[in-house]
There are 2 protein chains.
Amino acid sequence: MPASPTLEDVARAAGVSRATVSRVINGIRNVDPVIQETVRRAIADTGYVPNRAARSLVTRRTGAIALVVSGAGEESGESPFHSQVFADPFFGRVASGVVGFLRPRGIHPILMFAETAEARAQVIAYLRQGNADGAILVSTQAEDPLPRLLVEASLPAVLFARPAEPIPISYVDVAHRTGAKLAADHLVARGRLRVATIAGPLNVPAAQDRLSGFRDAMAAHGHPYIPCAEGDFTLDSGEAAMERLLAEYPGLDGVFIANDLMAQGALPVLRHHGRRVPEDVAVVGFDDSSAATASRPPLTTIRHPVEDMAAEMARLLAAHIDDPDQPVTSIIFEPSLVVRDST
Amino acid sequence: MPASPTLEDVARAAGVSRATVSRVINGIRNVDPVIQETVRRAIADTGYVPNRAARSLVTRRTGAIALVVSGAGEESGESPFHSQVFADPFFGRVASGVVGFLRPRGIHPILMFAETAEARAQVIAYLRQGNADGAILVSTQAEDPLPRLLVEASLPAVLFARPAEPIPISYVDVAHRTGAKLAADHLVARGRLRVATIAGPLNVPAAQDRLSGFRDAMAAHGHPYIPCAEGDFTLDSGEAAMERLLAEYPGLDGVFIANDLMAQGALPVLRHHGRRVPEDVAVVGFDDSSAATASRPPLTTIRHPVEDMAAEMARLLAAHIDDPDQPVTSIIFEPSLVVRDST
DNA sequence: GAGGCGTTGGAGAGCGCTCTCCCGGCATGC
DNA sequence: GCATGCCGGGAGAGCGCTCTCCAACGCCTC
């Protein structure tokens with residue numbers, strides 16, 4: 001393999017100095033248009049590609065950021081964590097939003113998984129070694145030690161969703177309570193009187209907010225008691241929770257389910273127990289993930305502007321990287337109701 | 001932010017030369033155990049972390065490989081490609097297998113998407129800049145130009161699945177025809193006589209092999225004609241294909257569906273048309289993805305050893321990187337039948 | 001026409017690391 | 001006793017790039 005050409009080679013080919021070629025490439029300062037053209041041709045002729053390692057060494061920038069998916073690695077089975085992540089369309093939307101912001105800027109997202117203590121340590125080491133300039137963190141788990149570790153290492157980072165413990169780190173989130181209220185209002189507008197809910201794991205702030213927001217909104221409509229079954233945001237847990245709910249409250253005519261994946265699990269259970277959706281039981285999900293459209297019937301749900309939120313995370317992170325003294329901030333997005341056939 | 005310590009700092013703290021510290025870190029040559037201990041303490045004291053850019057610059061290695069998911073970016077909607085990828089549990093299994101091999105070796109996988117010509121160019125540029133030492137490529141699309149581009153740039157790469165056009169590149173694959181035969185044998189063993197199939201997109205070699213393998217095996221059992229509807233490996237396409245098949249062959253009692261995701265789409269259609277699964281119609285999928293277990297009833301399917309295959313890709317790539325003169329090879333894995341409730 | 005100023009290109013010093021030399025010291029062989 | 005070999009450590013040359021100086025060269029002004 002022929003050694004790839006260096007700046008020096010291009011400079012020689014163009015009959016100028018290394019510095020001038022560098023200036024042309026990086027668009028810094030004025031360079032005579034004629035010389036610029038000569039240099040560009042030399043670059044094309046030699047097939048020159050800048051060496052990132054050399055550039056990083058001096059700029060102390062990598063042009064890459066880590067997109068970390070963090071959570072509890074279930075110890076059972078053979079690393080089901082990655083499968084879990086890839087089975088959840090939510091991450092696709094996050095990736096879309098992040099890539100949408102970063103790609104035009106030539107910044108590369110690097111996907112990393114931090115499901116074990118070892119993996120977390122690797123993520124921190126990776127960042128400290130200067131493989132990436134910062135991290136976007138999406139946790140699937142409430143008590144995630146990673147945000148704290150990032151703050152302690154004073155690495156630029158932005159979270160998706162408010163951390164369970166208060167630490168000085170920027171995050172974006174959605175107004176969960178507002179979303180839950182939209183669901184409540186909609187169920188009431190559909191004339192549902194015996195409404196229940198399936199919540200997410202209650203140690204997750206988002207799950208708490210959705211539950212309490214829903215209960216408060218229903219209370220405002222004159223329904224002081226809303227039965228609840230707890231799931232853990234997985235399809236299977238939604239199935240199980242729906243079974244429990246039906247066993248205990250066979251007369252229910254409306255369910256608010258804290259995410260679409262659990263709702264997708266719940267729908268076949270309702271059908272299996274002879275309930276038609278939406279005629280007998282109206283179902284409202286949360287997230288507007290692709291699970292919502294994959295369900296039969298397609299789900300009425302609360303739409304997170306996930307792509308926008310992810311893009312905002314990328315923007316925030318980029319700002320933190322450019323100016324480390326940037327104060328930490330939180331940005332809260334407003335959800336919206338998407339009506340489909342399940343209500 | 002205090003500048004992070006360099007080798008020089010550690011060397012000074014330990015009272016030795018840079019070279020010695022480097023030798024301790026990289027475990028090269030013998031270093032006096034006493035000095036080794038001193039150096040280690042100095043590293044711990046200073047909180048030293050090697051700078052990867054500097055190291056890469058001289059070793060011409062990054063310790064990272066790109067995990068590229070390549071395919072056609074549907075132009076409709078807002079970048080649905082990432083969502084598509086993240087909705088398919090198959091990629092989770094690939095990631096698991098790859099990470100399982102790489103993590104113990106301290107190599108980082110970098111996930112990249114190559115759904116447009118621009119993104120493909122970025123992937124190539126990324127590798128040529130020396131951001132990663134090689135690429136593992138998983139295509140969702142038949143005519144993918146990326147393998148050729150990689151070969152032309154003489155970048156180390158390994159594919160998942162045989163490329164549609166013959167090019168000198170290593171790949172791993174599964175014996176699709178054997179898998180299809182397993183499905184055929186099983187359906188026949190279950191006493192099914194009016195069997196049909198839903199195929200994948202027929203420009204994909206894997207889809208071709210599954211279809212022809214199935215037809216050949218059924219022919220060997222005395223069923224010369226097997227009706228087929230073509231899908232594109234998505235849930236929706238499975239739904240549509242099942243509708244077509246039922247409309248044309250209402251009497252069918254067994255279906256082999258070329259992947260689990262399409263099967264997941266097909267099951268509700270069968271149910272909707274009053275067919276019980278498996279009593280009236282037996283369904284066999286392919287992949288043993290988590291869609292197989294998420295389906296109701298859970299799917300009998302053909303199990304790819306995807307994790308093993310992915311790990312093997314990583315191993316092959318590592319070998320290619322270590323020795324660029326390594327000849328290209330292909331490794332074919334044997335699938336197996338997993339019986340669940342759909343047959 | 002001389003001095004000042006803005007513009008443009010070159011020289012060269014590193015960034016932090018690895019790795020090849022080389023050298024000193026000690027055990028060994030004749 | 002001296003030459004020989006080996007082992008452990010240091011010196012220093014880069015890897016390919018950026019970026020700060022600095023020099024050269026107009027051009028304007030007085």
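Side chains are part of it too, since the values below use all heavy atoms of this structure and drop only hydrogens, waters and symmetry mates. Lettering follows sequence order; numbering is per chain, from 1.
The distance between atom CD1 of B/I25 and atom P of C/dC17, rounded to the nearest whole Å, is 7 Å. In this structure, the CG atom of B/N51 is 6 Å from the P atom of C/dC17, given to the nearest Å. Rounded to a whole Å, the CG atom of B/L7 is 14 Å from the P atom of D/dA11. As a whole-Å value, the separation of B/L57 CG from D/dG16 C1' is 5 Å. In this structure, CZ of B/R61 is placed 15 Å from C1' of C/dC19, rounded to the nearest angstrom. A/D9 places its CG atom 9 Å from the P atom of D/dG16, with the value rounded to the nearest Å. Rounding to whole angstrom units, CG of residue B/N26 and P of C/dG16 are separated by 17 Å. Rounded to an integer number of Å, the gap from B/Q129 CD to D/dT18 P is 11 Å.
Using a 4.0 Å cut-off, no side-chain N or O of A/R60 falls inside it from OP1 or OP2 of D/dT18. For the pair B/S22 and C/dT18, the criterion of a side-chain N or O lying under 4.0 Å from OP1 or OP2 is met.
In terms of modelled atom types and a separation under 3.5 Å, the side chain of B/S22 and the main chain of B/R18 share no donor-acceptor contact.
For A/S70 and A/D144, the side-chain atoms include at least one donor-acceptor pair closer than 3.5 Å.
Listed nucleotides C/dG10, C/dC17, D/dA11 differ in distance to B/A19; the shortest reach to its side chain belongs to D/dA11. For B/T6, taking side-chain heavy atoms from C-beta onward, the closest of the listed nucleotides D/dG16, C/dG16, D/dA13 is C/dG16.
Residues B/L127 and B/L150 are in side-chain contact: their nearest non-hydrogen atoms beyond the backbone lie under 4.5 Å apart.
Where B/A54 and B/G15 each meet DNA chain D at their nearest nucleotide, the meeting point lying more 5' is that of B/G15.
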Could you list all N or O pairs between the protein and nucleotides 7-9 of chain C that sit under 3.5 Å apart?
unit_1	atom_1	unit_2	atom_2	d
C/dT8	OP2	A/N30	ND2	2.6
C/dG9	OP2	A/D32	N	3.3
C/dG9	N7	A/R23	NH2	3.4
C/dG9	N7	A/R29	NH2	2.6
C/dG9	O6	A/R29	NH1	3.2
C/dG9	O6	A/R29	NH2	2.7

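Salt-bridge check for A/E118 with B/R103: failed, with every basic side-chain N at 4.0 Å or more from each acidic carboxylate O.
Residue pairs meeting the ring-ring contact (aromatic ring centres under 6.0 Å, His included) criterion with at least one partner in residues 131-164 of chain B, sequence neighbours excluded, are B/F90-B/F160.
One distance of note links CG of A/D9 with CD1 of A/I43; it measures 12.0 Å at 0.5 Å rounding.
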(request) Take B/T6 and B/N51, measure what side-chain contact (heavy atoms from CB on, under 4.5 Å) needs, and give me the verdict at the end. (result) CA-CA 8 Å; B/T6 71; B/N51 178 311; over 6 Å; no
